[in-house]
2 protein chains.
Amino acid sequence: MTKWTIKDIAKKAGVSITTVSRVLNRKEEGMSEETRQKVLRVMEELDYQPNRLARGLVTKQSKLIGLIVPTISNPFFPELCRGAEDEANAHGYSLVICNSDASAEKEEHYITILKEQQVDGLILSSRSGLSSTSLLPFLKNVHYVHLDRMEEEAVSGVRLDNEAGGYLAGKHLLELGHTKIGCISGPNEIRNSRDRVAGFTRALAEANLEPVWIQEGDFSLDSAYQHAMAKLEETDVTAIFTCNDMMACGVYRAAHGRGMAIPKELSVIGFDDVPLVSALIPKLTTIRQDTYAMGRKAAALLVQQIEEGTTDFAIFEPTLVVRESTAYVPTGGND
Amino acid sequence: MTKWTIKDIAKKAGVSITTVSRVLNRKEEGMSEETRQKVLRVMEELDYQPNRLARGLVTKQSKLIGLIVPTISNPFFPELCRGAEDEANAHGYSLVICNSDASAEKEEHYITILKEQQVDGLILSSRSGLSSTSLLPFLKNVHYVHLDRMEEEAVSGVRLDNEAGGYLAGKHLLELGHTKIGCISGPNEIRNSRDRVAGFTRALAEANLEPVWIQEGDFSLDSAYQHAMAKLEETDVTAIFTCNDMMACGVYRAAHGRGMAIPKELSVIGFDDVPLVSALIPKLTTIRQDTYAMGRKAAALLVQQIEEGTTDFAIFEPTLVVRESTAYVPTGGND
DNA sequence: TTGTACGCGTTATCAT
DNA sequence: ATGATAACGCGTACAA
């Protein structure tokens, strides 16, 4: 029928609401097992559920955590959300997920909404424009951690060592004997992308090499396809590093268009290790970031900040996952 | 500093809390523009944000909608969530997303939590075990709609006409001249899967044909790969229909393993049209369901149910998306 | 046009 | 060991 309140339970059990509240909050100190059981029975019988709004009003915690991502449709984010959710849930929090489409207005809008909802904290995996600084006014009076996307070092949050990832990719190609290597980066205004390219060129520099070319993509399959189609004709590289997996797909398509076999005639290495890459033929060699773990860690840091007031920062190390899209530099190549 | 309340605004503006509450709720009827502006100025100045917990306690609505999906990592769900979120947000609701991993316990757990959070309604895109009936006790006193996954017809919700989708797939292959067709289904206990196969066989039956074989997969790439590898050797089909896109990827891999070219020697048609399929080479022909629209519709129905008490059901029609993985039956085949 | 006072469901303080 | 009762921040009859 209607929703029962603590008051109903109290009346039906013949006790005061204080007593009911006590058994609810497991303050078992001093309380006859008899009344305890009596109250529990009535709660069971009426299928009573406490009202968190009322509770939150007095305890000042909603047990809600807000998560803002650019868009969950980007295959990079689902795992990250899962991680955050699992960890949050383990601590008794629920996750309110918001997609900002990387729009500053939407971000600000959602932060406002979430604060009104009295979320206990925020996980920001989006970024307002080029700098998160502009969000600062909106982030007053609320705990938050950054996750993955951030321009400058944040006080609290988690990110990947993107530079190390780029280095891993470069090193891997080098070890396979490649010397003529191309690179399709992400947008230069995104720090993650810049770092990946930096690591990549550092690896080549250590071998006294430099990329034959670096094209600026936008993380989309199509941008990479266009660049690869053009460059594959103009130049003769034996390997391409793309700053995410989606763009590696674009290179696959371009190679197919140019009649080049992967990895026999062209090695391809991506970045992220999103689930879809295992569906590619050949399976994609890539730089893996453990997004699930990063999501969990972000939530853990946030909960810690909420409950203990401590802030911390974590940097994850990427790993090289060798699959089928990279091979030793083709022998008999026109070196 | 601290969070301001309606009381602070009232005091600072020299009016009563009632007045503040009035301007807050835009009850502009009868109120001097002067005091109105005064209050607004103070709210602006203090960067006041109403507390939805307190508000919800009296209005009895949290402006929260719960969404339960099996797992957002399954590429089928992100778009669906986006749709639901966009629509919910347009109506002033925020979305609490929960992943049940298709576990009945988790579902029940989340429904309980969400009800405690006083969500105004639930979107259920998961299913408890084989029947949603078992969830009924948990769904007392709460508005909800079903989305996509449901065993029997629900009172309110949206789903795809899966039978029609299967029919479309069968018809398409028939029109390309195929007569020897295999099918890899999803788990038989899932209604969506059964319906797809039913539509598919109905199409063949209309041409006095029947599938050369039907193998029961589990929606995973690997299950389809195993089945296809085996059947591609035993039998000589010229086309395969898989009940989702992921399994089509498995068939791609098997065809590759058996040295068969798609679509030249083998046509493949999938189901769902998840984003990843555009990354495949060749691009996958598939039966598309507009998950974004379905998500929006589900949220719309729910909001309608919450705000107007009306319940409704919507059935979406799938469409055939012809890409590159299906072709006319190979000529000179060993008929 | 504006203000007073009560209630929403719960926790917390202080009695008993 | 248990119970009144005052908050929590807001909306809303009802009064002025």
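Predicted model, so just to flag it, every value in this text is computed and none were measured. Within every chain, numbering begins at 1; the chains are lettered A, B, ... in the order of the sequence lines, protein sequences first and strands thereafter.
- When the salt bridge (charged side-chain N to carboxylate O under 4.0 Å, His left out) test is applied to B:Glu87, the partners found at least two apart in sequence or on another chain are B:Arg296.
- Listed by chain and number, the residues in a salt bridge (charged side-chain N to carboxylate O under 4.0 Å, His left out) with B:Lys297 amount to none (sequence neighbours excluded).
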Less than 3.5 Å apart, which donor and acceptor atoms pair up between the side chains of residues 67-81 of chain B and the rest of the protein, not counting sequence neighbours?
from	atom 1	to	atom 2	distance (Å)
B:Thr71	OG1	A:Arg82	NH1	3.1
B:Thr71	OG1	B:Ser73	N	3.2
B:Ser73	OG	A:Glu79	OE2	2.5
B:Asn74	OD1	B:Phe76	N	2.9
B:Glu79	OE2	A:Ser73	OG	2.5

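- One atom, CG of A:Asp8, and another, P of C:dG9, lie 8 Å apart when rounded to the nearest Å.
- Distance CE (A:Met31) to P (D:dG3): 11 Å, rounded to an integer number of Å.
- Direction change of the helix axis from one end of the helix from C:dT1-D:dA16 to C:dT16-D:dA1 to the other is 40°, with five pairs defining each end axis (rounded to 10°).
- Contact annotation: A:Ser32 reaches the phosphate of D:dT2 (side-chain N/O to OP1 or OP2, under 4.0 Å).
- B:Tyr110 is linked by a ring pair (Phe, Tyr, Trp, His ring centres under 6.0 Å) to nothing, counting only residues two or more places apart in sequence or in another chain.
- Legend: residues meeting ring pair (Phe, Tyr, Trp, His ring centres under 6.0 Å) with B:Tyr144, ordered by chain and number and at least two apart, are B:His146.
- A:Lys106 meets the salt bridge (charged side-chain N to carboxylate O under 4.0 Å, His left out) test with A:Asp101; sequence neighbours excluded.
- Among the protein residues, B:Val15 comes within range of the sugar-phosphate backbone only, with heavy atoms under 4.0 Å from sugar or phosphate atoms but none that close to a base.
- Listed by chain and residue number, nothing satisfies the side-chain hydrogen bond (donor to acceptor under 3.5 Å, both in side chains) test with B:Lys38 (two or more places apart in sequence, or in another chain).
- Phosphate contact (OP1/OP2 of C:dA12, side-chain N/O of A:Thr59, threshold under 4.0 Å): absent.
- Under the side-chain hydrogen bond (donor to acceptor under 3.5 Å, both in side chains) criterion, B:Gln117 pairs with no residue at all, not counting sequence neighbours.
- Of the side-chain N and O atoms in B:Thr35, one or more sit less than 4.0 angstrom from OP1 or OP2 of C:dT2.
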Show your working on side chain to side chain donor-acceptor pair (under 3.5 Å) between A:Thr311 and A:Ser156 and close with a plain yes or no. CA-CA 5 Å; A:Thr311 103; A:Ser156 189; 4.5 Å; no
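- Other residues, nucleotides and ligands contribute more than 12 heavy atoms inside 6.0 Å of the CD atom of A:Glu33.
- Annotation: proximity of residues 89-96 of chain A to DNA chain D (heavy atom, distance under 4.0 Å) is found for no residue.
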Using a 4.0 Å heavy-atom cut-off, write out nucleotides 4-10 of chain D from 5' to 3' as B (base contacted by protein), S (sugar-phosphate only) or - (no contact). BB--BBB
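- Residue pairs that meet the side-chain hydrogen bond (donor to acceptor under 3.5 Å, both in side chains) test with at least one member in residues 47-60 of chain A, sequence neighbours left out, are A:Arg52-B:Glu116.
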